[in-house]
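Have a look at the structure below, then the notes.
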Amino acid sequence: MARAPRAVAGHVPRRRFGQNFLVDPHVVDRIVAAIAPVPGDTLVEIGPGQGALTQPLLEHLPHMHAVEIDRDLAAALARRFTPDRLTLHQADALQFDFAGLGQSLRIVGNLPYNISSPLLFRLTEYRECIRDCHFMLQREVVERMAAPPGDKTYGRLSVMLQYWYAVQRLFRVPPGAFRPAPQVDSAVVRLTPLRPLASAARDYQAFSRIVTDAFSHRRKTLRNALRDTVPLEAFHAAGMDPGRRPETLSVVEFVRLSDALP
Ligand code: SAM
């Protein structure tokens, strides 16, 4: 079993960087087992922090990458791990060029919760060079990501991620596994890029616009929610009842509707 993660002496967690450090070795073990890293994997950790995951991951791998925004934590990691084991990128993951690290990337991280959605969307831009992702996120976000049509949490995040990935909710993590403890439950999720896509939109921008508009008015019918985006003929062409509610449409149906736009 993993040892209890080591803290960086004197470091005061920074709320603006979403710093809730993992301190439960059982949870660390479960995450590492879910990732199952083997030599030859190109592993990239987002937000290594004090190295709670980095250390046990490096017990399975000769080398990995990490992207950390906090200068003090990056400096502490650079003192702890030599560059031949850990290539440290002191950078903002929202700006970072993941494609520069190679192909078949395995991306992992106990993500800063304040930037999780923009980060997930940004990573879809790099899907071609990603093999899989394992992330710890707020449980509520993981539920939205994995929700099927008809579920009360099914929404824009579910459709836009399930368009690109197979989304697998792995396990729940309670607040006590972190210091400081967050106010909410967390969960670990696995994202595996779909190759090929289950259903590819003819015009991705149009598909994305329809999904955004539909869920900005989720209590309305499709006809009313998409009054400015989708003409009635398009519903007929797609063979879709415009009286349905947005949360009942599958990803494939959203694609069919956007493909029916004139
Ligand atoms: N992996 C560590 C652990 O499990 O204990 C730390 C997790 S903590 C929830 C999030 C980490 O992401 C922190 O180290 C924080 O400094 C870093 N971080 C926050 N925003 C970031 C960003 N935009 N780019 C890269 N790292 C970021």
Side-chain angles (χ1 to χ4, degrees), residues 2-35 37 43-61 64-81 85-101 105-123 125-126 133-142 170-189:
R3 293 177 294 281
R6 217 159 95 178
V8 170
H11 181 77
V12 178
R14 295 187 164 113
R15 193 196 275 262
R16 72 176 185 285
F17 290 150
Q19 291 179 352
N20 298 95
F21 299 111
L22 259 175
V23 292
D24 184 333
H26 300 283
V27 173
V28 170
D29 271 354
R30 284 189 81 182
I31 297 174
V32 174
I35 300 167
L43 212 93
V44 187
E45 184 180 4
I46 298 177
Q50 311 193 95
L53 291 171
T54 326
Q55 168 73 52
L57 287 169
L58 279 172
E59 283 165 19
H60 296 263
L61 295 164
M64 64 182 268
H65 293 269
V67 182
E68 172 59 61
I69 199 169
D70 186 314
R71 229 183 280 158
D72 298 336
L73 291 179
L77 288 166
R79 286 192 295 274
R80 185 166 160 200
F81 302 102
R85 305 285 334 268
L86 181 69
T87 303
L88 198 58
H89 307 268
Q90 201 248 297
D92 181 349
L94 288 172
Q95 312 283 336
F96 188 72
D97 176 20
F98 288 90
L101 302 183
L105 304 180
R106 306 198 67 199
I107 304 189
V108 306
N110 168 16
L111 294 187
Y113 294 167
N114 48 346
I115 60 159
S116 54
S117 288
L119 194 54
L120 290 169
F121 279 106
R122 178 152 169 82
L123 287 173
E125 294 168 26
Y126 293 102
C133 304
H134 291 81
F135 293 137
M136 171 103 73
L137 293 160
Q138 283 182 37
R139 179 159 81 141
E140 173 263 328
V141 174
V142 171
L170 297 181
F171 53 88
R172 185 183 82 88
V173 180
F178 305 88
R179 288 281 183 289
Q183 311 239 315
V184 292
D185 271 354
S186 302
V188 177
V189 65

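Throughout, residue positions are numbered sequentially from 1 according to the sequence presented. We count ligands from 1, going down the list as the structure has it; atoms in each ligand are counted the same way. Any value given below was found using the heavy atoms of this structure, including those in side chains, with hydrogens, waters and symmetry copies removed. Worth saying up front: this structure is predicted, and the values here are computed from it rather than measured.
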Is there a heavy atom in Gly109 that sits closer than 4.0 Å to ligand 1?
no
Please check if the side chain of Glu45 supplies one atom and the backbone of Gly109 the other of a donor-acceptor pair under 3.5 Å.
no
Would you check if the side chain of Asn114 reaches a backbone N or O of Arg16 as a donor-acceptor pair within less than 3.5 Å?
yes
Measure the shortest side-chain to side-chain distance between Phe96 and His65 over non-hydrogen atoms and say whether it is less than 4.5 angstrom.
no
When distances are taken from atom 26 (N) of ligand 1, the protein heavy atom at minimum range is Ile69 N, 3.4 Å
Among His11, Gln50, Arg179, the one residue meeting side chain to side chain donor-acceptor pair (under 3.5 Å) with Gln19
His11
Ligand 1 versus Pro5: contacting region, heavy-atom distance under 4.0 Å
neither
Write out the residue and atom name of the closest protein heavy atom to atom 14 (O) of ligand 1, then the distance separating them to 0.1 Å.
Glu68 OE1, 2.7 Å
Which residue and non-hydrogen atom of the protein lie closest to atom 5 (O) of ligand 1, and at what distance in Å?
Leu22 N, 2.8 Å
One finds that the ligand 1 atoms under 4.0 Å from a non-hydrogen atom of Val67 are 25 (C), 26 (N)
Nearest neighbour in protein (non-hydrogen) for atom 19 (C) of ligand 1
Phe17 O, 3.1 Å
To the nearest 0.1 Å, how far is atom 10 (C) of ligand 1 from its closest protein heavy atom, and which atom is that?
Asn110 O, 3.5 Å
Side chain proximity check, His134 to Ile31, heavy atoms < 4.5 angstrom:
no
Short list, please: which atoms of ligand 1 are under 4.0 Å from a heavy atom of Gly18?
8 (S), 9 (C), 10 (C)
Keeping the roles fixed (side chain from Asp185, backbone from Pro174), state whether a donor-acceptor pair exists under 3.5 Å.
no
So if I count the atoms of ligand 1 from 1 in the order they appear, which ones are less than 4.0 Å from some heavy atom of Gly49?
6 (C), 14 (O)
Do Phe178 and Ser186 have side chains that approach each other closer than 4.5 Å (heavy atoms only, starting at C-beta)?
yes
As an exercise, identify every atom of ligand 1 less than 4.0 angstrom from a heavy atom of Glu45.
1 (N)
Of all the atoms in ligand 1, which lie at a distance below 4.0 Å from a heavy atom belonging to Pro48?
1 (N), 2 (C)
So which protein heavy atom does atom 6 (C) of ligand 1 come closest to, and at what separation?
Gly47 O, 3.4 Å
Whether Glu68 side chain and Gly49 backbone form a donor-acceptor pair below 3.5 Å:
yes
Heavy-atom distances under 4.0 Å are what count here, so tell me which part of Leu119 touches ligand 1: side chain, backbone, both or neither.
neither
Main chain of Ile35, side chain of Arg106: is a donor-acceptor contact present, judged purely on distance under 3.5 Å?
yes
Considering only heavy atoms of Asp70, which atoms of ligand 1 have at least one such atom less than 4.0 Å away?
16 (O)
Are any of the side-chain heavy atoms of Gln55 and Arg80 separated by less than 4.5 Å?
yes
Ligand 1 contacted by Met136 (non-hydrogen, < 4.0 Å)
no
Atoms in ligand 1 flagged as close to Asn20, the criterion being non-hydrogen separation under 4.0 Å
7 (C), 8 (S), 9 (C)
Subset of ligand 1 atoms that lie under 4.0 Å from at least one heavy atom of Asp92:
22 (C), 23 (N), 24 (N)
Considering only heavy atoms from C-beta outward, does the side chain of Val188 approach that of Arg30 to under 4.5 Å?
no
Starting from atom 20 (N) of ligand 1, locate the nearest protein heavy atom and write down its residue, its atom name and how far away it is, to 0.1 Å.
Pro112 CG, 3.5 Å
Look at atom 24 (N) of ligand 1 and say which protein heavy atom is nearest, naming residue and atom and giving the distance to 0.1 Å.
Ala93 N, 2.8 Å
Would you check if Met136 and Tyr113 make a side-chain contact, meaning some heavy-atom pair closer than 4.5 Å?
yes
